[in-house]
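Here the structure is a predicted model, which means the values were calculated and not measured. Chain identifiers are assigned alphabetically (A, B, ...) following the order of the sequence lines, protein sequences preceding nucleic acid strands; residue numbering begins at 1 within each chain.
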2 protein chains.
Amino acid sequence: MTDREEGAGQRRYHHGELREALLAAAEMELSEKGEDGFSLRSTAKRAGVSHAAPAHHFKDVTALLQGLAQRGFERLTATMKEEQAEAGDDAEALYVASGVGYIRFAAENPALFQLMFGARSSHDKPTELAKAGDASFSVLVNAVARLRGADLLKTEEGWRDVAAAWMMVHGYAHLAIGGKVGWLTGQSFDRQRPVIADLVRRALRL
Amino acid sequence: MTDREEGAGQRRYHHGELREALLAAAEMELSEKGEDGFSLRSTAKRAGVSHAAPAHHFKDVTALLQGLAQRGFERLTATMKEEQAEAGDDAEALYVASGVGYIRFAAENPALFQLMFGARSSHDKPTELAKAGDASFSVLVNAVARLRGADLLKTEEGWRDVAAAWMMVHGYAHLAIGGKVGWLTGQSFDRQRPVIADLVRRALRL
DNA sequence: AGAAAAATCTTGACACTGACAAAATAGGCA
DNA sequence: TGCCTATTTTGTCAGTGTCAAGATTTTTCT
């Protein structure tokens, strides 16, 4: 079966990578039409299959969107680490970079970000989605821990620090997506960076 | 025509306050079934009219939800002012109370809050909705202005202060609704108050 | 008052959606 | 080879939002 697995991607869809293709198509549909206006059928059509094909890979449209949200968290984690990598070794710079990455991801993937924190993804069991979300959270926690001590999450104060940091970046991200802070987000992202740095520092009173 | 306007609420087939009745029914539908699962037809049924009746009062389902969001902002404003009224005269206490009110409203009306900041309500023209949103924003701005000076919004620093405050409370509210901070929101709201106060103060480095 | 006009509500239709069942197709394995 | 299972298609169903047309009530005009 290791045959032409690199062929010119023709229509041999029967045994293919439909699951991946569906997720890719779904993300395009999502960013083009938003969460309202998203349609399972038109996602299937974009992937080149019939309207009932997705059922064998995702039991629901909700399951498909949760799969998308999971990948979103994975990419959010990657974006935060990417910013960290360009920030050097200073603990405070690493912390700021985490927040900048969080916000940059949201700005670059607004519809996906809204999906990740929307009603369809909320308070669920220990799914893959929850794990991916925890992984993103950990990036922030670790950055704060480098500033405040490794046993950060042992104390109420520590939880409060992490919560403050998360809430600040999340508030920025969500309000920016909603167009509520146009005086800020009208600028290019690089011009927002110093402002974000200031705001993120406030969360820990730095 | 001032006849039996107080009758036992029977089916007199024009019924005069359909717009209000639809908004009330829509809010119940929203909080019971969430934004997904919300249906114009079942809202109409709950209000006791046919499926096409709402069209004369709201051109769209979007228009209906925007009307609901507008009322949400009005009540958000009221909740913030309510908390302020119980906070006395101290400027810092007033500021904290604004944030507490913001978060309490979100906790008490999660689905409505998500609607107010969701995609359907975003970046629109100078509608009634936008005005109601600005009014809520002004409560926060005024509270910050009492701490930082009346010409707050003349300076970049001032905008940054307001943004920081808004982002912090908004982040709290949104993450709490999403069930992401269960260690906090598992408590009764009165037990959250001191934590909220701390977090809100951080935004202004108080 | 009575008739004309406007506003409101109902019925009916249309295209679209998500989900399900049954048939068709392809691949893996004996 | 031939069965078996996984995958995909076709067909169907109830439910949705919106539009058009008809029915009914309220308002306005003379």
Who passes ring pair (Phe, Tyr, Trp, His ring centres under 6.0 Å) against F38(B), sequence neighbours left out?
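Ring pair (Phe, Tyr, Trp, His ring centres under 6.0 Å) check on F38(B) returns nothing, list empty.
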Check: I196(B) and F189(B) side chains under 4.5 Å, non-hydrogen atoms
yes
Between [atom2] on [N] and [atom1] on [X], what's the gap in Å once rounded to a whole number?
X: F38(B); N: dG15(D); atom1: CZ; atom2: C1'; result: 15 Å
X: H57(A); N: dT9(D); atom1: NE2; atom2: C1'; result: 13 Å
X: D36(B); N: dT17(C); atom1: CG; atom2: C1'; result: 14 Å

Could you give all pairs that pass the ring-ring contact (aromatic ring centres under 6.0 Å, His included) test and reach residues 124-146 of chain B, with sequence neighbours left out?
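Sorted result for residues 124-146 of chain B: F137(B)-W166(B).
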Which nucleotide in dT10(C), dT7(D), dG11(D) has an atom nearest any side-chain atom of A52(A):
dG11(D)
Within residues 39-46 of chain B, which residues have any heavy atom lying less than 4.0 Å from an atom of DNA chain C?
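When residues 39-46 of chain B is checked for heavy atoms under 4.0 Å from DNA chain C, the hits, listed by number, are R41(B).
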Which pairs of donor and acceptor atoms, one on a side chain in residues 80-87 of chain B, lie under 3.5 Å apart (sequence neighbours left out)?
residue, atom, partner, partner atom, Å
E82(B), OE2, R104(B), NH2, 3.0
E83(B), OE1, R193(B), NH1, 3.0
E83(B), OE2, R104(B), NE, 2.8
E83(B), OE2, R104(B), NH2, 3.3
E83(B), OE2, R193(B), NH2, 3.0
Q84(B), NE2, S98(B), OG, 2.8

If you go through the side-chain atoms of H51(B), does one of them form a donor-acceptor pair with the base of dG15(D) closer than 3.5 Å?
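Looking at the base of dG15(D), it does not pair with any donor or acceptor on the side chain of H51(B) (distance under 3.5 Å).
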Using salt bridge (charged side-chain N to carboxylate O under 4.0 Å, His left out) as the criterion, list what pairs up with K131(B), not counting sequence neighbours.
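Only E128(B) meet the salt bridge (charged side-chain N to carboxylate O under 4.0 Å, His left out) criterion with K131(B).
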Taking side chain to side chain donor-acceptor pair (under 3.5 Å) as the cut-off, I'd like each qualifying pair that reaches into residues 67-77 of chain A, sequence neighbours left out, listed once.
E20(A)-R71(A), E27(A)-R75(A), Q70(A)-E74(A), R75(A)-N109(A), T77(A)-S136(A)
